[in-house]
Enquirer: 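Would you mind keeping the following structure in view while I ask a few things?
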Amino acid sequence: MTITALFFASYADVFGRDQVEMEVPNGSTVGDFLRHLRALDTDRRLPPAPLVAVNERYARPDLVLRPGDEVAVIPPVAGG
Amino acid sequence: MTITALFFASYADVFGRDQVEMEVPNGSTVGDFLRHLRALDTDRRLPPAPLVAVNERYARPDLVLRPGDEVAVIPPVAGG
Amino acid sequence: MRTAIVRDPLQPSAALAEVASVANGAAIVFVGTVREVNDGRPVTGIEYSAYEGMAARELAAIAGEAAARSGTTDIVVEHRVGRLELGEASVVIAVAHAHRAEAYDASRYIIEQIKRRVPIWKREEYVDGTREWVDPTASRTEIPR
Amino acid sequence: MRTAIVRDPLQPSAALAEVASVANGAAIVFVGTVREVNDGRPVTGIEYSAYEGMAARELAAIAGEAAARSGTTDIVVEHRVGRLELGEASVVIAVAHAHRAEAYDASRYIIEQIKRRVPIWKREEYVDGTREWVDPTASRTEIPR
């Protein structure tokens with residue numbers, strides 16, 4: 001199935017882009033998605049367990065993804 | 001000796017005026033002054049121990065007054 | 001640092017501008033205003049009066065204490081006296097600091113101390129035309145320090 | 001109650017006017033501004049970026065939580081994004097309440113929650129022309145709830 005991955009701020013620098021359509025196996029969890037990402041992060045610039053939001057809500061690693069989900073990898077926030 | 005007594009807000013209503021020159025014996029303390037006032041407060045409208053400021057500073061009952069002091073009787077404050 | 005007892009309407013945005021600086025990351029403006037109801041009783045206006053010399057002195061002392069505790073002198077405090085309509089500001093406290101925690105603490109310290117010890121009184125006016133001095137402390141008589 | 005992510009300069013006095021009401025005795029405006037120095041390093045400007053949809057959603061959720069806790073809906077929160085100069089406001093939080101303690105608590109709750117969970121990032125620009133993303137949490141990775 002296809003999901004949309006979003007990268008912000010320093011993580012966009014890590015992946016050289018801020019958005020990508022990704023193929024992941026049906027039934028993948030947030031944790032599976034992160035393992036998949038890690039394989040692309042050859043320089044190990046992501047922290048061990050970065051924050052993830054699915055469809056604009058913070059999500060735990062065991063959340064099961066669905067086709068078309070917007071999966072954002074969230075660097076440490078610095079608003080205010 | 002002569003001091004100036006100031007009455008504010010509800011206490012000005014008690015005494016019907018907001019300022020009066022008063023004669024008190026030399027060596028009088030704030031406490032002595034208050035006992036003197038109480039004699040004038042025939043309806044007992046002052047609290048048992050009202051706050052007093054001498055020359056614009058809060059003062060304890062044992063403070064000794066000096067000629068010309070400005071002695072203010074301070075109702076419960078309600079600023080802000 | 002500036003403190004004052006004033007008769008004219010207060011200007012919160014002017015106070016904010018006065019404490020602003022590129023050295024500060026946080027500014028807080030507190031505005032106290034006249035409410036339409038107090039203790040369940042409809043109010044039509046409030047007359048504030050003060051022991052002006054002492055009130056000015058106490059306001060300055062309070063601002064100085066807040067500055068010493070928090071480490072900023074970017075503080076403006078103004079308290080109005082005279083007759084105020086509903087919704088008008090009776091007090092404005094502007095504090096700016098490099099960091100927000102200190103700004104909040106200083107702002108809160110100043111308003112709490114004002115309510116505790118600055119010799120200002122208010123007489124509320126009610127819809128039936130009567131007026132009453134407000135006694136928020138039920139005649140507290142300890143020296144407020 | 002109103003919350004927004006905006007690109008234009010923020011107007012603290014407009015936010016204050018928006019929450020004012022004769023039912024309220026206290027109004028507090030918090031303004032976060034760009035400091036000239038961060039961690040001892042001179043800053044020339046900051047670029048704020050956001051995950052805008054989620055940031056708007058989180059801001060609204062935070063204001064709703066503050067309203068539920070404090071009992072006022074007189075709350076306006078605006079966070080700016082884009083490039084800001086020194087001294088410009090990045091966030092404005094206006095809260096009004098019948099009573100001051102609740103107004104302070106709600107204001108403080110909102111700014112602390114913004115810093116904890118709203119997906120906004122800032123890249124500081126330095127005098128030598130370099131830029132760096134700010135990581136105030138040293139890569140905290142717990143879900144912020």
Side-chain angles (χ1 to χ4, degrees), chain C residues 10-17 19-40 42-46 74 84-112 114-115 122 134 136, chain D residues 10-17 19-40 42-46 74 84-112 114-115 122 134 136:
Chain C
L10 300 178
Q11 309 288 355
S13 49
L16 177 61
V19 299
S21 145
V22 294
N24 294 323
I28 294 168
V29 180
F30 173 89
V31 184
T33 50
V34 177
R35 293 177 64 208
E36 64 192 341
V37 172
N38 191 19
D39 286 337
V43 171
T44 57
I46 291 186
D74 293 327
L84 275 68
E85 304 287 340
L86 299 188
E88 283 199 285
S90 53
V91 61
V92 167
I93 300 167
V95 177
H97 195 285
H99 305 294
R100 70 187 179 283
E102 289 86 346
Y104 275 105
D105 289 349
S107 175
R108 191 76 195 267
Y109 177 80
I110 291 167
I111 185 61
E112 299 304 330
I114 286 174
K115 295 206 168 251
K122 57 186 177 189
V134 176
Chain D
L10 301 178
Q11 308 289 354
S13 48
L16 177 61
V19 299
S21 144
V22 293
N24 294 321
I28 294 169
V29 181
F30 174 89
V31 184
T33 50
V34 178
R35 292 177 65 207
E36 64 192 343
V37 172
N38 191 17
D39 286 339
V43 170
T44 58
I46 291 187
D74 292 327
L84 275 67
E85 303 287 342
L86 299 189
E88 283 199 285
S90 53
V91 61
V92 167
I93 300 166
V95 177
H97 194 285
H99 305 293
R100 69 186 181 283
E102 290 85 346
Y104 275 104
D105 289 349
S107 176
R108 191 75 195 267
Y109 178 81
I110 291 167
I111 185 62
E112 298 305 328
I114 286 173
K115 295 207 168 249
K122 58 184 175 190
V134 175

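Throughout, a chain's letter reflects where its sequence line sits, starting with A, and its residues are numbered from 1.
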Enquirer: Are there residues of residues 85-93 of chain C that reach to under 4.5 Å of chain D by heavy atoms, and which ones?
Expert: C:Leu86, C:Gly87
Enquirer: Check whether C:His99 gets within reach of chain D through its side chain, its backbone, both or neither, counting any heavy atom under 4.5 Å.
Expert: side chain
Enquirer: Taking side chain as everything from C-beta outward and backbone as N, CA, C, O, which of these in C:Ala101 sits under 4.5 Å from a heavy atom of chain D? Side chain, backbone, both or neither.
Expert: both
Enquirer: Keeping the roles fixed (side chain from D:Thr33, backbone from C:Ala20), state whether a donor-acceptor pair exists under 3.5 Å.
Expert: no
Enquirer: At a heavy-atom distance under 4.5 Å, which candidate from C:Gly25, C:Ala26, C:Ala103 has the highest pair count against chain D?
Expert: C:Gly25
Enquirer: Go through C:Val34, C:Ile111, C:Val37 and name the one with the most non-hydrogen pairs under 4.5 angstrom from chain D.
Expert: C:Ile111
Enquirer: With a 4.5 angstrom heavy-atom cut-off, could you sort out which part of D:Ala98 is near chain C: side chain, backbone, both or neither?
Expert: both
Enquirer: Checking C:Arg108 now: which residues fulfil salt bridge (charged side-chain N to carboxylate O under 4.0 Å, His left out) with it, not counting sequence neighbours?
Expert: C:Glu112
Enquirer: Do C:Arg35 and D:Val22 pass the side chain to side chain contact (heavy atoms under 4.5 Å, CB included) test, and can you show the C-alpha distance, the side-chain angles, and the key distance before you say yes or no?
Expert: CA-CA 5 Å; C:Arg35 293 177 64 208; D:Val22 293; over 6 Å; no
Enquirer: State, with a plain yes or no, whether a side-chain heavy atom of D:Phe30 is found less than 4.5 Å away from one of C:Val29.
Expert: no
Enquirer: Any side-chain heavy-atom pair from C:Leu16 and D:Pro12 closer than 4.5 angstrom?
Expert: yes
